[in-house]
Amino acid sequence: MHENTDMSGNWHQLGRTEVIQELQSSDMGLASEEARRRYELHGPNELIEKGRKKPWQILLAQVKEVMILILLAAVVISVGLREYIDAAVIFVIVVLNTLLGFWQEFKAENAMAALKKMTVPNARVRRDGAERQISAKELVPGDILLVEAGNIVPADARLIVAANLKVQEAALTGESESVDKDTAELPEGERSLADRKNMIHRGTVVTYGRGEAVVTATGMRTELGKIATMLQDVEDEQTPLQERLAKLGRSLAMAAGVLIVIVAGMTYLQGAGVKEMFMTAISMAVAAIPEGLPAVVTIALALGAQQMLKKNALIRQLPAVETLGGVTVICSDKTGTLTQNKMTVSDVVLPDRRYTLAEAAARRGDDADLDLLLLTGTLCNDAVIDENAPNGVLGDPTEGALVLAAHQAGLVQSELQAMLPRVRELPFDSERKRMSTVHLLPSPATASTAHPALAAARQEERSGHLVLTKGATDGLIEACGRILVSGVVHPLDERKKAEISAENTALAKNGLRVLGLAYRLIGSDKLDQSDRYEQNLVFLGMVCMLDPVRPEAIESVRLCKQAGIRPVMITGDHPLTAVAIGKSLGLTTSDTVLTGQDLETIPVNALAARIREVSVFARVSPKHKMIIIDALQAQHEIVSMTGDGVNDAPALKSADIGVAMGITGTDVSKESSDMILLDDNFATIVAAVKEGRRIYDNIRKFVRYILTGNAGEIVVMLAGPLMGMPLPLLPIQILWINLVTDGVPAVALGFEEAERDVMNRPPYDPQEGIFARGLGWQILAMGLIIGLVSVGTGYWFWDGGKGSAAWQTMVFTMLTFCQMAYALCVRKQTQSLFSRSWLGNPVLLMAIGATLGMQLILVYVPFFNTVFRTTPLRLEELGVCAAGALVVVLLSESKKLLLRRKRH
């Protein structure tokens with residue numbers, strides 16, 4: 001194989017056989033050992049990520065922060081003023097703060113990078129002669145790639161099979177319409193990308209049909225990779241909450257300017273020098289501006305996303321972590337999400353008789369009509385048996401159930417495919433709700449001996465091809481003009497259609513999923529008339545399938561309702577099947593259901609009211625999901641919508657939280673989503689919503705903690721001079737409190753477990769202001785209390801300059817103790833601090849313990865007495881500080897008690 005496999009981009013000029021030979025591959029695919037060798041040679045099939053920051057860039061960004069630059073300037077000025085101790089301490093604090101900020105952002109960056117790696121799509125390939133599903137990163141030149149509608153093409157490849165294949169190439173060519181693809185070589189000269197009809201390229205989307213292609217280029221050697229090399233670094237977008245916090249920071253910076261002038265003026269009036277005024281101004285700036293908040297929010301969101309991953313919810317967009325906490329409606333598909341996705345055939349219903357699957361397997365060979373129906377189910381099908389797949393089948397679970405049913409009856413899919421090769425197809429379409437395949441028939445003389453099932457199909461004496469169709473029964477019978485009964489084809493009149501519809505309805509009422517099957521013969525001259533494949537079909541019968549409800553989904557539906565979230569089921573199934581499943585889940589108690597047709601006919605002004613009343617939607621196509629989303633969002637609902645098909649992409653993008661299926665979802669649906677369910681389980685959505693609420697609550701907790709602490713420091717610095725005292729805190733002490741005492745517990749609050757009532761209350765609006773629900777008043781009130789307790793204690797011990805020499809250390813220590821006490825109090829919004837296990841958040845307890853330990857070191861170690869101008873406290877003085885912290889606890893707990901009584 002040529003080491004440079006891009007052939008200067010001229011693979012389209014070679015014939016099918018030449019390409020395979022050039023790449024030293026075959027129709028059976030590469031051998032596993034050869035694929036491994038090529039992977040080592042070419043590397044992973046991935047684009048080099050330009051946007052991710054390197055560690056030194058993260059560190060440099062921390063150093064370039066305005067607050068850090070101000071402090072570094074203070075270091076230089078302190079050295080110039082020969083205040084070497086102050087300069088050294090400020091520098092150490094700057095280093096500690098920079099390292100803390102670096103650790104936070106580096107951890108968040110790595111967390112998001114790990115999540116991004118999880119979103120790499122899978123690819124379906126043929127290796128060692130068998131179909132396999134591998135990570136798209138493992139693709140190598142020469143691999144035989146299998147694509148179908150909904151796939152994002154993972155590599156550049158030359159087509160060798162194209163069945164009604166259409167590809168959306170707007171990402172590369174700008175062409176908005178999907179392009180028809182074929183396998184014909186294009187030998188005459190250079191062709192633009194848009195003209196290469198026999199090539200598919202990385203990043204484009206398969207919108208229709210299926211195809212097989214031999215991979216010609218991977219990674220940065222693909223056409224998309226060549227474009228990626230020209231891209232500049234991409235700036236990370238902030239989440240809405242981060243933007244609101246950044247705006248808050250700017251507002252506080254303006255307020256800080258006013259405070260700096262006020263405090264500097266007080267300092268001057270007290271006779272302080274220029275140096276002390278300068279250092280005090282810097283300290284106040286640090287005290288007033290919560291510079292650590294955006295970083296703390298980032299790490300909280302990123303770590304929250306990792307927690308969700310442990311519960312099988314893969315977050316693709318960081319803002320989704322915020323939005324999840326405010327979801328008010330969850331619109332969920334039925335199959336695989338609310339049910340177990342273990343579709344099994346229970347019954348086979350012929351026009352004049354009915355078999356269980358076990359009976360059908362026993363009758364194989366004795367009943368030609370039954371054999372033809374089972375043959376139709378396994379050949380009009382894209383699923384294949386794979387012992388390594390979770391359910392023993394690779395592909396759609398419904399199709400897999402048909403293949404397994406036929407296999408149980410002795411019909412081997414691979415043998416039938418060799419006997420009746422597929423030559424054309426009409427892929428499943430969400431509007432038609434059916435699929436058809438066209439197969440080359442053996443000659444009339446050998447048809448019945450080739451397979452007994454073909455004897456029934458061969459009643460019409462004409463050679464040619466066999467069209468096999470499966471789909472929703474109510475739609476399929478409208479395309480049928482005939483019916484096969486006991487080996488004889490009869491006209492299908494309206495009376496018989498009504499009987500079939502009635503039986504279909506009865507089966508659906510029992511919660512069964514019902515598919516109809518049909519066939520017809522066409523001559524070779526009609527092979528290219530695909531619009532006539534599904535006309536005048538011969539109805540064969542129905543297959544009933546059972547997909548049990550997920551037991552955990554029942555509890556999750558109950559939990560949703562308890563949490564003020566409305567669960568809604570959306571399915572393409574028969575309305576009666578949908579209602580039966582809805583009742584068993586507890587979604588509804590009535591027989592009310594809206595169909596896609598209803599959604600199109602209800603007047604716009606009445607649509608919102610109807611949708612608000614209904615929890616079950618049936619016979620719904622992707623375009624109807626958009627109608628539902630628009631109606632709900634018009635009522636200011638925060639909507640989560642699930643989807644798995646290529647046509648679901650618009651709905652997933654429009655929903656506030658688009659949720660794609662990780663197992664059955666197409667690549668397009670995953671790329672369009674905010675979150676991917678790795679287990680396709682409704683319970684996972686509810687668990688993610690609970691986690692989203694926990695994270696949002698925790699963010700509000702450390703916003704409350706940090707700003708309350710800052711408010712307390714400002715109160716101390718303003719009230720002290722007004723009471724006639726010297727500055728209660730030295731600049732070096734304020735810096736320590738803000739950059740160390742505040743930061744460590746704030747990060748630890750992000751690890752707080754969910755509130756006990758987190759799913760017992762209505763959702764909050766994710767667009768609410770930072771200070772919504774009284775948070776601003778709580779910050780001001782508790783900041784005032786902490787500040788007054790601290791400065792009041794200092795005033796008592798100062799006693800007009802005649803009191804204890806340790807009065808300033810008392811203020812310093814009291815402020816630290818009070819903030820640590822408040823950190824414990826803000827763990828729960830209304831629950832008592834004493835009603836929960838103190839070990840519920842060990843990270844916070846360690847952070848508080850470490851902070852208190854460092855404070856005692858600053859008070860009692862002689863070296864730090866010199867550095868921070870502290871004086872060792874007597875035991876009774878330390879006890880007063882502890883009592884002050886207890887006052888903060890009692891006041892905070894009293895407020896919670898009043899809130900609990902008000903709520904009850």
Side-chain angles (χ1 to χ4, degrees), residues 248 252 290 293 296 325 693-716 718-719 737 741-742 745-746 748-765 768-793 811 814-838 840-841 844-845 847-848 851-852 880-904:
L248 171 66
L252 289 175
L293 266 184
V296 176
R693 289 189 176 191
R694 182 190 74 84
I695 293 163
Y696 188 67
D697 284 350
N698 287 350
I699 288 173
R700 282 176 58 89
K701 287 171 187 175
F702 55 68
V703 166
R704 181 174 158 192
Y705 169 72
I706 289 177
L707 294 185
T708 299
N710 287 12
E713 293 155 32
I714 292 169
V715 168
V716 167
L718 287 175
I737 291 172
T741 306
D742 282 356
L749 280 168
F751 292 88
E752 190 63 38
E753 61 187 4
E755 298 271 349
R756 187 183 299 171
D757 66 342
V758 70
M759 295 299 279
N760 290 335
R761 56 170 168 79
Y764 298 136
D765 183 355
E768 68 181 11
I770 294 294
F771 300 121
R773 289 178 275 126
L775 184 62
W777 291 110
Q778 292 174 33
I779 289 170
L780 291 175
M782 289 307 300
L784 185 64
I785 290 168
I786 289 173
L788 291 179
V789 167
S790 300
V791 76
T793 302
V811 176
M814 177 69 82
L815 200 54
T816 300
F817 276 34
C818 286
Q819 288 194 23
M820 293 305 99
Y822 194 58
L824 287 173
C825 293
V826 298
R827 285 182 60 193
K828 303 300 169 190
Q829 295 180 47
T830 57
Q831 288 174 235
S832 171
L833 167 65
F834 307 105
S835 66
R836 299 282 295 186
S837 167
W838 282 60
N841 185 353
L844 178 62
L845 295 180
I848 291 174
T851 304
L852 290 175
V880 169
C881 293
L886 184 60
V887 169
V888 171
V889 171
L890 291 175
L891 289 173
S892 177
E893 289 299 303
S894 298
K895 184 208 72 175
K896 290 183 187 179
L897 179 62
L898 290 174
L899 284 174
R900 288 197 299 272
R901 287 182 175 176
K902 183 179 179 182
R903 183 173 292 183
H904 287 306

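The figures that follow rest on heavy atoms only: side chains count, while hydrogens, waters and symmetry mates do not.
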Spacing of SG belonging to Cys818 relative to CG belonging to Leu886, to within rounding of 0.5 Å:
10.0 Å

Polar side-chain atom of Asn841 near backbone of Ala748 as donor-acceptor pair, under 3.5 Å
yes

Salt bridge (Lys or Arg N to Asp or Glu O under 4.0 Å) between Arg761 and Asp697, worked out
CA-CA 13 Å; Arg761 56 170 168 79; Asp697 284 350; 2.7 Å; yes

Only counting residues at least two apart or in another chain, list the ones meeting side chain to side chain contact (heavy atoms under 4.5 Å, CB included) with Val889.
Ala821, Cys825, Leu833, Phe834, Glu893

Could you walk me through whether Leu824 and Met820 pass side-chain contact (heavy atoms from CB on, under 4.5 Å), step by step?
CA-CA 7 Å; Leu824 287 173; Met820 293 305 99; over 6 Å; no

CG/Leu852 to OG1/Thr816 distance, rounded to the nearest 0.5 angstrom?
8.0 Å

So how far is it from Leu749 CG to Ile706 CD1, rounded to the nearest 0.5 Å?
8.5 Å

Can any side-chain N or O of Arg693 pair as donor or acceptor with the backbone N or O of Glu755 at less than 3.5 Å?
no

Rounded distance [0.5 Å steps], CD in Glu713 versus CD1 in Ile737:
5.5 Å

Test side-chain contact (heavy atoms from CB on, under 4.5 Å) applied to Val811 and Val791, step by step:
CA-CA 6 Å; Val811 176; Val791 76; 5.6 Å; no

Strictly by modelled atom types, are Tyr822 and Arg704 linked by a side-chain donor-acceptor pair under 3.5 Å?
yes

Inter-residue atom distance Asn710.CG - Ile779.CD1, 0.5 Å rounding
9.5 Å

Residues Gln778 and Gln829: side-chain donor-acceptor under 3.5 angstrom
no

Within 45° cone and under 6.0 Å: Arg773 NZ/CZ vs Tyr764 ring
yes

Side-chain donor-acceptor contact under 3.5 Å, Glu752 with Asn698:
no

Would a distance-only check, ignoring hydrogens and angles, find a side-chain to backbone donor-acceptor pair under 3.5 Å from Lys701 to Arg827?
yes

When you measure from the side chain of Gln831 to the backbone N and O of Arg756, does any donor-acceptor pair fall under 3.5 Å?
yes

Nearest-0.5 Å distance that lies between atom SG in Cys881 and atom CG in Leu815:
10.5 Å

Just do the side-chain contact (heavy atoms from CB on, under 4.5 Å) check on Gln819 and Val888 with the steps written out, would you?
CA-CA 9 Å; Gln819 288 194 23; Val888 171; over 6 Å; no

